[in-house]
Amino acid sequence: MIRTRFAPSPTGFLHIGGARTALFSWAYARRHAGTFILRIEDTDVARSTPEAVQAILDGMNWLGLTYDEGPFYQMKRMDRYKVVIQEMLAAGTAYHCYTTQEELDRMREEQRTSGIKPRYDGTWRPEPGKSLPIVPAGMLPVVRFRNPLKGVVAWDDLVKGRIEIANAELDDLVIARADGTPTYNFCVVVDDRDMQITHVIRGDDHVNNTPRQINILAALGAQVPLYAHLSMILGDDGQKLSKRHGAVSVMQYDDEGYLPEAVLNYLGRLGWSHGDEEIFSTQQFCEWFDLDHITPSAAQFNTEKLNWLNAHYLKLADNLRLATLVQPRLEARGVMVSAMPSLEAIIGLYKERVSNLNELADAAEVFYIDLHPKAEALTQHLTPEALPALADFAAGLKDIAWEASTISALIKRCIAKHGLKMPKLAMPLRVLLTGQAQTPSVDAVIALFPRELALKRLATIPKI
Ligand code: GLU
């Protein structure tokens, strides 16, 4: 039974890298009919905030990354960690250490000057036959993990291949501070064990933690999960994503008018592939996703490709759904959407031409506002030769059947009568009705309007 988890630290929003980690963990569980767990690693109380927790939940919700268990909060599991620390002390896999901070600093300084890697010297580490120093009165100890001294710790990383670290490289890690609070790596280990995680899929900034975590798990007699460390994501320019540089919240993609399915599809291909497939539904992704096809090298973000995918998913999306996404965007701009013209119909006509929801809102906005086409556009397109045809067209529009086909026939009659080419009439009509020279087919655009509104906008044609 596959059990995966996403374990963000709530110190900021859910950014693109975190979202991809969450997606891969989620998809792996879905693929294998397993369980996906959300765990909030909020033990860094100075940096964790409830707003950041909410931002993570919002981001996951927007992407549709549903979790089967959790969210679990590490701060609520403190008692559990303390129990495990006591068990380890009792079992001799952890020990009290009374070395003071000053002693540690001095030790490190001496090691540095003699060219040795700084490490805890093991003063308080119990060994058979070794007598420990006398416990200093009134001092609270930290708890250290008794890391094996010899051999190697190794794992077959599902992305990076075999990784081996000599135990001699690893210090006896502090697992509880003097005030009793457990430390980061220890909480992760207890949780991964208690939550029976089978596959740890996470960013490769955690590779250095893994040997320590494996040793502690082994000391607890726990099954060691499989690890898949994902390489980082680089920005469009090949630079590392950072808070100052492109590492934006996934919710910003919502603000910018991306559809969640486009972002999911995009993230799915960011460092993973299934042959040459570029476009796949989330369901398809879950059926295909495996850990064998994750690229070990860094993946580069490509905004153009994301835009292309978004345009694709906009075309596929249901008009009513798009209308419910566009309407609040219009309202936020102070544009009131009325029943007529129908937002759904406008979207149906324009969604082929845009690459995000905000562009769709731009296109729809002109149908609802008190329109004042720009003077230059009017002078450019309302040419003296066009005016008689425009007047005829406006007159004809009063009593024809209100459909794109009859409107189109009327346009054709007017251009034939006045000996004009299509753009000579279509362009001024576009400008008068929408303020824009670029629109879908003008007959279809006119048909979106209620007749009265179209006539009202055409009533501004200068008299000849
Ligand atoms: N809390 C860690 C982070 O946000 C992830 C820990 C893990 O996945 O093991 O980077």
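Both ligands and their constituent atoms are indexed starting at 1 by order of listing. Computed from a predicted model, the values in this text were never measured in an experiment. Computed from heavy atoms alone, side chains included, the values below leave out hydrogens, waters and symmetry copies.
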Within the protein, flag every N or O under 3.5 Å from an N or O of ligand 1, and note the pair and distance.
unit_1	atom_1	unit_2	atom_2	d
ligand 1	1 (N)	A7	O	2.7
ligand 1	1 (N)	S9	OG	2.8
ligand 1	1 (N)	E41	OE1	2.5
ligand 1	4 (O)	S9	N	3.1
ligand 1	4 (O)	S9	OG	3.2
ligand 1	8 (O)	R5	NH1	2.6
ligand 1	9 (O)	R5	NH1	3.4
ligand 1	9 (O)	R5	NH2	2.8
ligand 1	9 (O)	R202	NH1	2.8
ligand 1	10 (O)	H206	NE2	2.9

(Q) Could you walk me through whether L259 and L325 satisfy the side chain to side chain contact (heavy atoms under 4.5 Å, CB included) test, starting with their C-alpha distance in whole Å, then the side-chain angles of each, then the deciding distance to 0.1 Å, before giving a yes or no? (A) CA-CA 9 Å; L259 292 173; L325 296 172; 3.7 Å; yes
Q: Mind running salt bridge (charged side-chain N to carboxylate O under 4.0 Å, His left out) on D42 and K76 for me, showing each step along the way?
A: CA-CA 9 Å; D42 54 355; K76 294 198 181 140; over 6 Å; no
Q: State plainly whether the residues R333 and E331 are in salt-bridge range, i.e. N to O under 4.0 Å.
A: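 Salt bridge absent between R333 and E331.
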Q: In plain terms, say whether E102 and R108 are close enough for a salt bridge, that is, a side-chain N and a carboxylate O under 4.0 Å apart.
A: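 A salt bridge is absent here (no side-chain N lies under 4.0 Å from a carboxylate O).
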**Q.** salt bridge (Lys or Arg N to Asp or Glu O under 4.0 Å) partners for D172, two or more places apart
**A.**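 Only R125 meet the salt bridge (Lys or Arg N to Asp or Glu O under 4.0 Å) criterion with D172.
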Q.
Ring of F449, cation from R457 - is the NZ or CZ under 6.0 Å from the centre and inside 45° of the axis?
A.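 R457 over F449 ring: no.
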